[in-house]
A.B. asks: 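Take this structure, written in structure tokens, and hold onto it; I'll ask about it next.
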Amino acid sequence: MSEGSPHDLLTGGSADLQSLRAVLGDCHRCPLGDTRTTVVFGVGDPGARLMFIGEAPGRNEDLQGEPFVGAAGKLLDELLASIGLDRSEVYIANVLKCRPPGNRDPLPDEIDTCTPFLNEQVRLIAPDVIATLGNFATRHVLRTERPISALRGRLFHVDGRRIVPIFHPAAALYDQNKRAVLADDFRRLRAVLDAAADDPEDVATGQPSLF
Ligand code: SF4
């Protein structure tokens, strides 16, 4: 059976995450399908108010089929706990659903082919707040070439969604300064979530549509 164009999904064809996962299937729409072990679709609450978007699965994620496992995942869990959240209450996905060989950067064609599935996840989950983790996810979502160091700590709006760029937990594993910054970013994330709950309509519009 041939694989449908992921761009068809932008018409909003999937009723829920389960059916979207079924459409994705054993995906070989880009060359990463030939080198990965497992498609890492995403994990968490399908009705989450907070969604994290990272770059791509790493070695552990590729083997286990879940985003953010291993040391970076443990740090993410600790940071979530510090703001009163559990992993099961948020949703975690990546720009790419398959591991690039050797953890190299995703290629433009891979992003173009894979991200309609991410966009559809965002549409179905409809989170109040999206936290982009690290340079790559942040640049993709905000469509900018600026580094995460210049963007973190700020709140952006894309297509009616609040976007909060933060450092990638992996970058803070062995850097105490970055870890302190990340802890600050999570406190800010909590504040943005709380503000969104208090005033759900307070979202600036007029930014280019991504999702
Ligand atoms: S990266 Fe995305 S488009 Fe490429 S094979 Fe994996 S799931 Fe399919």
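Order of appearance sets the numbers: ligands from 1, and atoms from 1 within every ligand. Only heavy atoms go into these numbers, but all of them, side chains included; no hydrogens, no water, no symmetry mates.
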A.B. asks: Phe41 ring centre to Lys97 NZ or CZ under 6.0 Å, with the angle to the axis within 45°?
C.D. replies: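 Lys97 over Phe41 ring: yes.
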
A.B. asks: Can you name the atoms of ligand 1, numbered from 1 with element, that are less than 4.0 Å from a heavy atom of Cys114?
C.D. replies: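 Near Cys114, meaning under 4.0 Å from one of its heavy atoms, ligand 1 has 1 (S), 2 (Fe), 3 (S), 7 (S).
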
A.B. asks: Within Cys27, is some N, O or S atom less than 2.8 Å away from atom 8 (Fe) of ligand 1?
C.D. replies: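 Yes, within the cut-off.
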
A.B. asks: Check ligand 1 against Lys97 and write out every atom of the ligand that is under 4.0 Å from a heavy-atom position of the residue.
C.D. replies: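 Close to Lys97: 7 (S).
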
A.B. asks: Return the closest protein heavy atom for atom 4 (Fe) of ligand 1 as residue, atom name and distance.
C.D. replies: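 It is Cys30 SG, 2.4 Å.
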
A.B. asks: Give me the nearest non-hydrogen protein atom to atom 6 (Fe) of ligand 1 as residue plus atom name, then the distance to 0.1 Å.
C.D. replies: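 Ranking protein heavy atoms by distance from atom 6 (Fe) of ligand 1, first comes Cys98 SG, 2.3 Å.
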
A.B. asks: Any carboxylate oxygen within less than 4.0 angstrom of a Lys/Arg side-chain nitrogen, looking at Arg187 and Asp184?
C.D. replies: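 Counted as a salt bridge, because a side-chain N and a carboxylate O are separated by less than 4.0 Å.
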
A.B. asks: Please determine if Glu55 and Arg99 form a salt bridge, counting it only when a charged side-chain N lies under 4.0 Å from a carboxylate O.
C.D. replies: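 Salt bridge flag = no for Arg99 with Glu55.
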
A.B. asks: Using 4.0 Å as the upper bound for N to carboxylate O, is an ion pair formed by Arg179 and Asp175?
C.D. replies: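 Answer for the salt bridge query: no.
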
A.B. asks: Can the ring centres of Phe68 and His168 be said to be less than 6.0 Å apart?
C.D. replies: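 For Phe68 and His168, the ring centres are under 6.0 Å apart.
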
A.B. asks: Using a 4.0 Å cutoff against the non-hydrogen atoms of Gly33, which atoms of ligand 1 qualify?
C.D. replies: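 Answer, ordered by atom number: 5 (S).
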
